[in-house]
2 protein chains.
Amino acid sequence: MTASSVSRRRLARGSLSRQGIVEAALRLLDEEGPDALTFARLGSALEASTTAVYRHFASRDEIVVAIAEELDRISLDGYEPADDWRDSLRDLAWRAWRTASEHPAAAAAAMHRTTRGIHELRAVDAVLQAVHEAGLRDEDAAMSYAVYSHLVLSVCSQHATRLVSVAAEGEEGWVQVYHPTDPAAYPYAVQAAPHLLAIDHTEVFRRQVELVITDVEARAGRAGV
Amino acid sequence: MTASSVSRRRLARGSLSRQGIVEAALRLLDEEGPDALTFARLGSALEASTTAVYRHFASRDEIVVAIAEELDRISLDGYEPADDWRDSLRDLAWRAWRTASEHPAAAAAAMHRTTRGIHELRAVDAVLQAVHEAGLRDEDAAMSYAVYSHLVLSVCSQHATRLVSVAAEGEEGWVQVYHPTDPAAYPYAVQAAPHLLAIDHTEVFRRQVELVITDVEARAGRAGV
DNA sequence: AAGTCGTAGTCAATAGCGTTAACTAACTTG
DNA sequence: CAAGTTAGTTAACGCTATTGACTACGACTT
């Protein structure tokens with residue numbers, strides 16, 4: 001008869017919203033890992049019933065897309081084009097990397113999806129602006145946009161996936177765990193093993209990004225600024 | 001009294017094997033899409049019981065890893081290093097792309113995973129051999145290996161994911177479907193829209209691969225062959 | 001202030017999922 | 001041919017996403 005015994009009270013009407021649900025989902029993924037995104041756990045995180053979220057999202061998939069859009073929003077928050085288009089592309093790339101690193105479970109689940117949302121559009125526009133400033137137009141601009149964006153998103157998404165799988169298992173060494181029947185058959189791998197272990201993934205990404213920027217530079221130069 | 005009425009007969013003892021199961025799983029994914037990989041459907045595809053596969057794989061995850069290894073095997077089948085290391089890297093990259101294109105559902109589910117299997121090791125060794133022939137050693141070789149491999153695998157994996165999601169939905173246009181409140185706020189995207197639609201993903205991948213090869217070339221030249 | 005109405009949140013039910021334990025019969029071994 | 005292993009089966013479990021029916025909150029009317 002009191003308001004609640006163990007919290008059996010019905011939630012007030014405006015309690016849930018798409019944004020609030022997405023934030024709860026992101027928090028859940030950050031804190032409890034990639035398997036935490038279920039209607040049951042999301043409901044209890046919001047102190048609501050298991051199916052309450054269905055009033056705001058038609059399916060689990062729709063939540064994932066909304067999370068992707070939220071990651072876009074977080075990544076772009078406060079972004080301004082730099083004076084040099086190269087720095088703009090660097091900034092955008094590292095924002096994606098940073099988001100993948102800080103929200104690995106969410107990024108692994110959502111980053112590879114296309115959202116058609118407003119923040120995704122902002123990101124597309126920002127990249128296109130940079131290659132425009134570099135001097136590229138039309139097909140050339142679109143092509144370089146794709147070379148850059150697909151690379152950055154794919155690699156960041158993969159990075160996030162690696163982070164969650166490393167968190168799950170213990171990520172052992174390299175050639176050691178292969179136990180090939182004949183190690184001599186893979187001489188280059190055997191010899192490179194220690195160096196492969198020492199690889200800094202952040203540095204790898206840096207080099208990949210610089211590669212694309214250099215390429216845009218070269219193509220813009222050839223086309224004439 | 002006959003052997004079977006509707007196929008109620010118990011399977012003979014050696015009927016199932018890891019390789020056979022993996023092949024059935026791959027066929028299932030190819031023919032019925034990314035959601036077809038369940039114990040129930042895999043069992044009935046093998047004319048076995050739902051749980052028979054557990055005698056050969058400890059979990060669903062282990063099947064996925066085995067599929068990844070099978071994709072590695074398919075990709076590398078018949079591979080021989082070329083005379084020019086550049087052609088070796090091209091060959092390896094396009095083999096991955098081809099596999100992702102031909103087995104999109106399987107590639108989307110498995111390609112992003114590390115298998116620690118023998119064919120993965122073969123691939124690692126092949127890439128390292130190529131960068132070795134280019135003239136890179138030790139840390140330089142390992143770094144360029146990573147730049148190349150992460151790019152190729154990430155992008156091919158993403159390509160596979162795009163193929164299955166295109167198959168599911170109808171992949172609409174671009175800026176058209178964004179319906180931004182203020183299209184004028186995204187001038188570059190609006191203007192580029194038709195060119196973005198016309199992008200050839202295969203050509204994008206070709207350029208990304210050439211980018212890395214050129215980079216390896218430059219670094220090898222600097223280090224002195 | 002009472003009435004009505006759309007709908008956000010809840011409840012109950014369902015089919016399908018991965019996984020486990022117990023069972024049984026086919027093959028292997030002595 | 002007897003005993004023992006174990007691949008394949010059966011039945012059950014808890015969890016999942018999703019659905020339809022229910023209900024009560026709060027915004028509209030007048």
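Quantities reported herein were computed from a predicted structural model and do not represent experimental measurements. Reminder, nothing fancy here: chain letters follow the sequence lines and each chain counts from 1.
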Indicate, with a heavy-atom threshold strictly under 4.0 Å, whether A52(A) touches base, sugar-phosphate, or nothing.
-> base

Between residues 16-28 of chain A and DNA chain C, which residues have a heavy-atom gap below 4.0 Å?
-> L16(A)

With sequence neighbours excluded, residues passing salt bridge (Lys or Arg N to Asp or Glu O under 4.0 Å) with R207(B) = D215(A)

R206(A): partners by salt bridge (Lys or Arg N to Asp or Glu O under 4.0 Å), with sequence neighbours left out = E203(A)

Can you tell me the distance, in whole Å, between the [atom1] atom of [X] and the [atom2] atom of [N]?
X      : N       : atom1 : atom2 : value
D35(A) : dC17(C) : CG    : C1'   : 14 Å
F57(A) : dT19(D) : CZ    : C1'   : 19 Å
L42(B) : dC17(C) : CG    : P     : 12 Å

Ring pair (Phe, Tyr, Trp, His ring centres under 6.0 Å) filter on F39(A), not counting sequence neighbours, yields Y54(A)

Pick one: which of H201(B), H103(B), H159(B) meets ring pair (Phe, Tyr, Trp, His ring centres under 6.0 Å) with W97(B)?
-> H159(B)

Heavy-atom contacts, protein to nucleotides 18-27 of chain C, under 4.0 Å, summarised as B (base), S (sugar-phosphate only) or - (none) per nt, yield SBB-B-BSBS

How about V209(A) and V155(A): do any of their side-chain heavy atoms sit closer than 4.5 Å?
-> no

Side chains of Q129(A) and S88(A): does their closest heavy-atom pair fall under 4.5 Å?
-> no

Please, which pairs that meet salt bridge (charged side-chain N to carboxylate O under 4.0 Å, His left out) have at least one residue in residues 15-27 of chain B, sequence neighbours excluded?
-> R18(B)-E62(B)

Begin from the C-alpha positions of E69(B) and H119(B) and carry the test side-chain hydrogen bond (donor to acceptor under 3.5 Å, both in side chains) through to its verdict.
-> CA-CA 6 Å; E69(B) 179 72 355; H119(B) 295 102; 3.2 Å; yes

